[in-house]
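Just below is one structure, and these are the notes that go with it.
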Amino acid sequence: MSAIFKREFKSYFQSVIGWLFLAATLSIFGLYFYVYNLVYGYPNIASTLSSVTFIFLITVPVLTMRVLAEEQRNKTDQLILTSPVSVGKIVAAKFLAMGAVFTIAVVVIAVTPLILSAFGAVPFRENYVAVLGFLLYGLTCIAIGMFVSSLTESQVIAAVLTFVLLFVGYMMESICSLISTSGNFVTKVLGCYDLTGRLDNFFSGMFDIAGMIYYISLVLLFLFLTVQSIQKRRYSISKKKIGLGVFNAGMVAFGVALAVILNLVAGALPTTLTQLDATSKQLYSLTEDTKEMLKGLEEDVTIYVLSAKASMDETVAKTLERYADSSSHITVEYKDPSQYPSFYTQYTDDTSITRNSLIVVSGKRSRVVNYSNIYEGSYDYSYNWSTTGYDGEGQITSAIQYVTSEDMPVIYELEGHNEIAVSGNFSEVIEKANITLEKINLLQYDEIPEDAAAIIINGPSSDFSEDDAEKVRDYLKNGGKAFITTTYTDKDMTNFNSILSEYGVTVVDGVVMEGNNEYYYQQPYYLLPDVKYDSLTSAASDNYVFVPSAQGLQYPKASEEETEEGTESTDSGITYTELLSTSESAYVKKDVAALETLEKEDGDVEGPFALGLDVKKNVDEEKTTELVVYSCTGMFADNADQIVSGNNSNLFSGAITGLVDDTGEGTTVIPVKEYDSSTLTVSAAVMLAGAALGIIVVPVLLLIVGIVIWARRRKR
């Protein structure tokens, strides 16, 4: 077998065919590599590989057309039929020889991520999963071409038929969509020969075990059919022609059935077992919080998808598969708007709902997850939209909790003191947590409503009346929860400050400046504080939080030894936990209006300061008062949030859900998964050199070498 492999492998490089195959493959890859990876700076070669798969329609027929057809034409196939080596080994050796030629091209392609890593961060796992899928697809095409070559003695016919078969497999997904957008028995049967459908999983960063089984089973099936095709010719001169012909047909049927059963079993397994998420941000995986929520799910939930399954957003579709596989209570149904144009009107009057949107339904209520809310993005200076985050899991988990919860917790946002309204990303955080946000003016209430899970006091710039402050203090004394931010103002804030001083918190008048340049961004008052790890900050502790123009917070230090790291208990029974803090080099400028320098001066209040505090005081065995205080209102605005890629809203989410959870109303909020949108920085010289080498120089050299070798052999 090894001798046959060596002879076949050498034959491809003793003629032009092997060199031509490598030159064409690498030239086309080089062209798209230049555009996508060098010019556009994409760190992932999946788009490049996806764009060049069409090349197999041309190169594989050329590579495989002569492998068996030529031997039939020259009658040298009799050597195979009478060889002491089994037909199976001969077929395997010839296939491995062609596969080895193709693998040379794949090895060259596999080097490109290493080259790209010199120009920026490269997601190696995603790159090499894509390369694996490309390799499997190519080997499958070669096996199909080899089978076709065994059917005829004409190389031209073999090449044409191989092209037809590969083209049908390449276009099968579109063919099935034309037959039925929702799928039927015919499309399921035809879908078995969809050669590129499984490839998409590899290119999207999914290590698809079921896809590997599909491609490997197809390779083995077509090699088996090739053996049977040769065996049939061997026995065509036998006296037992009819009997062995039946045996041959039975073997073919058995091989096809075995491949179908193997793929049916693999397809029936949960995607959690057959698909491994290789993306750097784990885009397709469910977090442990969602898995725990689904384990406790006792009510049936149906997720209607306003799209045909074949045209659904692949990332969202994979996410939905994870939900369905993780809980028997989750059912996913696709409703093609072309067939059910008014289906959504059963659940919403919103006419802005788009294709690929979801409707999550239970026996209690329903919620629409508009497709526009599943992805986050921003416009650049040229007003081009780019996707920056994927919130599929966050939106779906929130919707499931919403439709299955008995009651929605209510948070009251106080107004009437020039507070800043919670809006943008931060109001979406509250909605995503399935919390009802209502605004109240204390002039209209005798007390904070009894159903308040918490209150929000967001940066008042005019003082509370004594009566309003008393209502807040009474609410807190009874075990209330409050999220409070402060903002610098030159107005007297005695009554507002009395709410904080009741719990030992003092706001230092002025604006905090950082003396340590590692703790600020551009200006000393644009703070990047130390984020202390706590249950309230865990979602934001791994990245920067941006705090512009903050005040300093001071509180009594523990008179006894610390009860926990970062937590201090005072003699008054109040527990303080720092959430954000400055460096020891921080200082406060008091007279901001007359500010002449940002440098530290005599009279400035020296730090360090807390910029965020969690304050708790036990009322009785069942009730605990809790205040989450941040000394900057501006940090909870969209423009500040964008600077740190949404990490400020993660901090806000932790505070709000932490306060509500403490009331017994548990909720799970999944943060947006950031897209790895980093691009490579490639100089113009490198671009031109890469284009010249990849598209022209290397392919031309390969062709020249092949032609020279072929010409010399012709002269012998």
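Just so you know, residue 1 is the first one in the sequence shown, and it goes up from there.
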Any salt bridge linking Asp530 with Lys532? Criterion: basic side-chain nitrogen under 4.0 Å from a carboxylate oxygen.
yes
Check: Phe652 ring centre within less than 6.0 Å of Phe636 ring centre
yes
Fit a plane to each ring of Tyr375 and Tyr390, take the angle between them on a 0 to 90° scale, and name the class: parallel (under 30°), tilted (30 to 60°) or perpendicular (over 60°).
tilted
State, yes or no, whether a side-chain contact exists between Met293 and Ile400 at a heavy-atom distance under 4.5 Å.
yes
Here the gap from Ser581 atom OG to Phe609 atom CZ, rounded to the nearest 0.5 Å, amounts to 12.0 Å
4.5 Å side-chain heavy-atom contact, Tyr630 and Phe483
yes
May I ask you to check whether over 12 heavy atoms, not counting those of Tyr544, lie within 6.0 Å of atom OH?
no
If I compare all heavy atoms of Asn44 with all of Pro123, which pair ends up nearest, and what's the gap?
ND2-CG, 4.3 Å
Any side-chain heavy-atom pair of Asp451 and Tyr412 under 4.5 Å
yes
Got a salt bridge between Lys432 and Asp391, using NZ or NE/NH1/NH2 to carboxylate O under 4.0 Å?
yes
Partner of Leu476 under side chain to side chain contact (heavy atoms under 4.5 Å, CB included), chosen from Val615, Val619, Ile499
Ile499
I'd like to know if Lys471 pairs up with Glu447 as an ion pair, taking the criterion as any Lys NZ or Arg NE/NH1/NH2 lying under 4.0 Å from an Asp or Glu carboxylate oxygen.
no
Interatomic distance, Asp468 atom CG to Phe496 atom CZ [nearest 0.5 angstrom]
12.5 Å
What is the distance from atom CG of Asp313 to atom CG of Asn356, rounded to the nearest 0.5 Å?
5.5 Å
Side-chain contact, heavy-atom cut-off 4.5 Å: Glu431 with Thr436?
no
Polar side chain donor-acceptor pair, Gln551 to Thr486, under 3.5 angstrom
yes
No-hydrogen, no-angle side-chain donor-acceptor test under 3.5 Å, Arg367 and Ser398:
yes
No-hydrogen, no-angle side-chain donor-acceptor test under 3.5 Å, Asn370 and Ser357:
yes
OH-CD distance between Tyr519 and Glu514, expressed to the nearest 0.5 angstrom
7.5 Å
Note: Lys291-Glu288 ion pair, threshold 4.0 Å (strictly below):
yes
Scan side-chain atoms only and decide if Ser285 and Asp277 contain a donor-acceptor pair under the 3.5 Å cut-off.
yes
Could you check if a side-chain atom of Tyr525 sits within less than 4.5 angstrom of a side-chain atom of Val512, using non-hydrogen atoms only?
no
Between the side chains of Lys617 and Glu626, is the shortest nitrogen-to-carboxylate-oxygen separation below 4.0 Å, so that they form an ion pair?
no
Distance alone, cut at 3.5 Å: any donor-acceptor contact between the side chains of Glu393 and Thr287?
yes
Pi-cation contact, Tyr284 with Arg322 (under 6.0 Å, within 45°)
no
In Asn497, Asp490, Asn495, the residue satisfying side chain to side chain contact (heavy atoms under 4.5 Å, CB included) with Met493 is Asn497
Looking at OG1 of Thr577 and CG of Asp534, how far apart are the two atoms once the value is rounded to the nearest 0.5 Å?
5.5 Å
